[in-house]
Number of protein chains: 2
Amino acid sequence: MLSIETLKKIGIFHNLNERELKLLLSISRTRNFEQGKVLFYEKDKAKYLTLVLTGVVKIYKVDPKNNEIILHRFIPNHFVAEMAVFEKLPYPASAAFETDGSVLEIDFEKFKEYFFSNPEITLELFKSLTQKIKYLDNVIALTVVLDSTARVAKYICENSEALSMKHNKLAQYLHITPETLSRIFKKFSKLGFVAKNAGTYTILDKESLEILFE
Amino acid sequence: MLSIETLKKIGIFHNLNERELKLLLSISRTRNFEQGKVLFYEKDKAKYLTLVLTGVVKIYKVDPKNNEIILHRFIPNHFVAEMAVFEKLPYPASAAFETDGSVLEIDFEKFKEYFFSNPEITLELFKSLTQKIKYLDNVIALTVVLDSTARVAKYICENSEALSMKHNKLAQYLHITPETLSRIFKKFSKLGFVAKNAGTYTILDKESLEILFE
DNA sequence: AAATAACATTGATATATGTCAATAATGAGA
DNA sequence: TCTCATTATTGACATATATCAATGTTATTT
């Protein structure tokens, strides 16, 4: 059951007092999702201010060939698509759970009424919005600006978890096919930039990799 | 010379009273730019909260082949890259004037101090941030999700000025070469979706074009 | 109006990456 | 440990779009 204790643990609401937390509780509810379930579809009308409580939510668009283009993965305590809620716009992308999980749904009109004059809350919302801009900028920097090779180089240099990911997930994230990813890793191996030990790659020459995308 | 009258005309500052406008004036200055001049480069440190007063500013990234990838064009009375200023981050892209023009530069720390508690200002800043998210989403929807043909179809359907633009500008905006654009227009002509009269194209069959990107 | 520059079109070719199919490697359940 | 399913690699080929070069068209300057 949703409780004040739960709300208190959410970073964004850290500075709310008991009274405010109660108020927030009264305009919120939780919803649980199984792995793979869709939170919302692109073009749906945004109804609630939504925050991930548990699990991982992927935000994605679908291209005309039915490929999923993943824009971002959200972990707990982040707002999802608050822009659409603020602007009363249809969602610009779809969202689905990659694991079992849950979200907090807040009645936005009431939230606005009660909390928009609170500078600590608005500051948190600012941060959340600027964070979204950074995510989108990253997608563009990665996908629009760089070619596949540079993209792989950048991603494995800047994301420590990249090398332990399954290659087909990594490929999907980088918007390339697993075949292309495999060929790029092979090329990096031949150049001595990475090495394969027992199935996983390790970076040998980070500086050379960085040259590829800078 | 920068005056209260100038500031008053800027939509974002509509609700400020005389005292506040004076305060704003005291922490602001204008800077003039000739066509082609650079306002800032990607990775520069953001110093001032910047707003376009006159002219058109393009925001762009440069890819490894030195192609400019245009993310957006700003017209007067819009904040440029406020996210970088808020977050004290280097600019995520470069900005240059496409026409002669000018900007307002506001001392951000003081602006924050004086105006962040003003709900009308914060609301305007929210709007400005969500607008930026929409622009970036649009770049992704256009460039990452769609192929060249769909991109052209979408752009000429949704931007009335597209057909009167010079084709090499349009091509640059759509991140394709003028040659590819020319071939796509030829294809649309053959299909009877557009027609060429005296040098410029007109849309004959918008519904068919829409099918291409929906 | 002629000359020149800027822009647009067309064809031939190159390139990056995707697609499909076959095979190899790895991991999980019996 | 063996077997089956999943994931990764490889090769052959297809495709979209870029590149380069030639030519045609339009706009601007003198």
Side-chain angles (χ1 to χ4, degrees), chain A residues 35-36 62-70 98 142-156 161-191 193-202 212-213, chain B residues 35-36 62-70 98 142-156 161-191 193-202 212-213:
Chain A
Q35 176 171 21
V62 180
D63 76 12
K65 287 179 190 162
N66 270 343
N67 298 312
E68 276 185 13
I69 294 167
I70 295 186
E98 287 203 326
L142 204 68
T143 312
V144 182
V145 177
L146 301 178
D147 66 12
S148 298
T149 303
R151 225 180 295 168
V152 175
K154 185 177 163 89
Y155 202 80
I156 65 176
E161 77 281 9
L163 292 172
S164 56
M165 282 169 78
K166 273 183 189 153
H167 280 195
N168 55 3
K169 272 245 154 147
L170 180 57
Q172 192 191 29
Y173 203 79
L174 294 171
H175 309 147
I176 57 181
T177 58
E179 291 94 328
T180 300
L181 181 62
S182 176
R183 287 173 184 125
I184 289 168
F185 268 118
K186 199 179 167 189
K187 186 165 70 181
F188 288 167
S189 291
K190 275 188 185 165
L191 289 164
F193 298 168
V194 303
K196 198 183 195 175
N197 310 307
T200 54
Y201 287 91
T202 41
L212 294 177
F213 62 87
Chain B
Q35 176 171 20
V62 179
D63 76 10
K65 287 178 191 164
N66 270 343
N67 298 313
E68 274 185 14
I69 294 167
I70 295 186
E98 287 201 327
L142 205 68
T143 312
V144 183
V145 177
L146 302 178
D147 66 13
S148 297
T149 303
R151 227 180 291 169
V152 175
K154 185 177 164 90
Y155 201 79
I156 64 176
E161 77 282 8
L163 292 173
S164 56
M165 281 168 79
K166 273 183 188 151
H167 279 193
N168 55 3
K169 272 243 154 146
L170 180 57
Q172 193 191 30
Y173 203 78
L174 295 170
H175 310 147
I176 58 181
T177 57
E179 292 93 328
T180 299
L181 181 62
S182 175
R183 288 173 183 123
I184 289 167
F185 268 118
K186 199 179 167 189
K187 186 165 71 182
F188 288 167
S189 290
K190 276 189 184 164
L191 289 164
F193 297 169
V194 302
K196 198 186 196 174
N197 309 309
T200 54
Y201 287 92
T202 40
L212 294 177
F213 62 87

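Per chain, numbering begins at 1; letters A, B, ... match sequence-line order.
- Using a 4.5 Å heavy-atom cutoff, the side chains of B:I156 and B:F193 are not in contact.
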Find every protein N or O atom lying less than 3.5 Å from an N or O atom of nucleotides 20-28 of chain D, and list the pairs.
unit_1: D:dC20; atom_1: N4; unit_2: B:E179; atom_2: OE2; d: 3.1

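- The OH atom of A:Y201 sits 10 Å away from the P atom of C:dT26 (whole-angstrom rounding).
- A close approach under 4.0 Å does not occur between any side-chain nitrogen or oxygen of A:H175 and OP1 or OP2 of C:dT17.
- Among all heavy-atom pairs drawn from A:E98 and A:Q35, the shortest one is O-NE2, 3.0 Å.
- If you measure from atom CG of A:N67 to atom P of C:dT17, you get 16 Å, rounded to the nearest angstrom.
- For the pair A:K186 and D:dT10, the criterion of a side-chain N or O lying under 4.0 Å from OP1 or OP2 is met.
- Between the B:H175 side chain and the B:I70 main chain, a donor and an acceptor come within less than 3.5 Å of each other.
- Axis angle between the ends of the helix from C:dA1-D:dT30 to C:dA30-D:dT1, five pairs each and rounded to 10 degrees, works out to 40°.
- The residue B:T177 sits close to a base: some heavy atom pair falls under 4.0 Å.
- In terms of heavy atoms, B:T143 sits closest to B:R151 at O-NH2, 3.9 Å.
- One atom, CG of B:L212, and another, P of D:dA16, lie 14 Å apart when rounded to the nearest Å.
- Ring geometry for B:Y155 versus B:Y173: interplanar angle of 30 to 60°, hence tilted.
- In the set D:dA18, C:dT17, C:dA8, the nucleotide with an atom closest to the side chain of B:H167 is C:dA8.
- Taking the side chain as every heavy atom from C-beta outward, A:P64 and B:L146 approach each other to under 4.5 Å.
- Although no hydrogens or angles enter the test, the distance criterion places no donor-acceptor pair under 3.5 Å between the side chain of A:S182 and the main chain of A:P178.
- Following rounding to the nearest Å, B:L174 (CG) and C:dA8 (P) show an atom-to-atom distance of 13 Å.
- Interatomic distance, A:Q172 CD to A:L181 CG, rounded to the nearest 0.5 Å: 12.0 Å.
- Rounding to the nearest 0.5 Å gives a distance of 3.0 Å between NZ of B:K187 and OG1 of B:T149.
- Taking side-chain N and O atoms only, A:S148 has a distance below 4.0 Å to OP1 or OP2 of C:dT17.
- The distance from atom CG of A:D63 to atom C1' of C:dG18 is 12 Å, rounded to the nearest whole Å.
- Side-chain atoms of B:H167 do not come within 3.5 Å of backbone N or O of B:E179 as any donor-acceptor pair.
- Between B:I184 atom CD1 and D:dA16 atom P the separation is 11 Å, expressed in whole Å.
- Atom CD1 of A:I176 and atom P of D:dA8 are 12 Å apart (whole Å).
- At the heavy-atom level, A:L181 lies nowhere under 4.0 Å from the strands shown.
- Applying the 4.0 Å criterion to OP1 and OP2 of C:dA8, one finds that B:N168 has a side-chain N or O inside that range.
- We find that NZ of A:K65 is positioned 16 Å from P of D:dA14, with the value rounded to whole Å.
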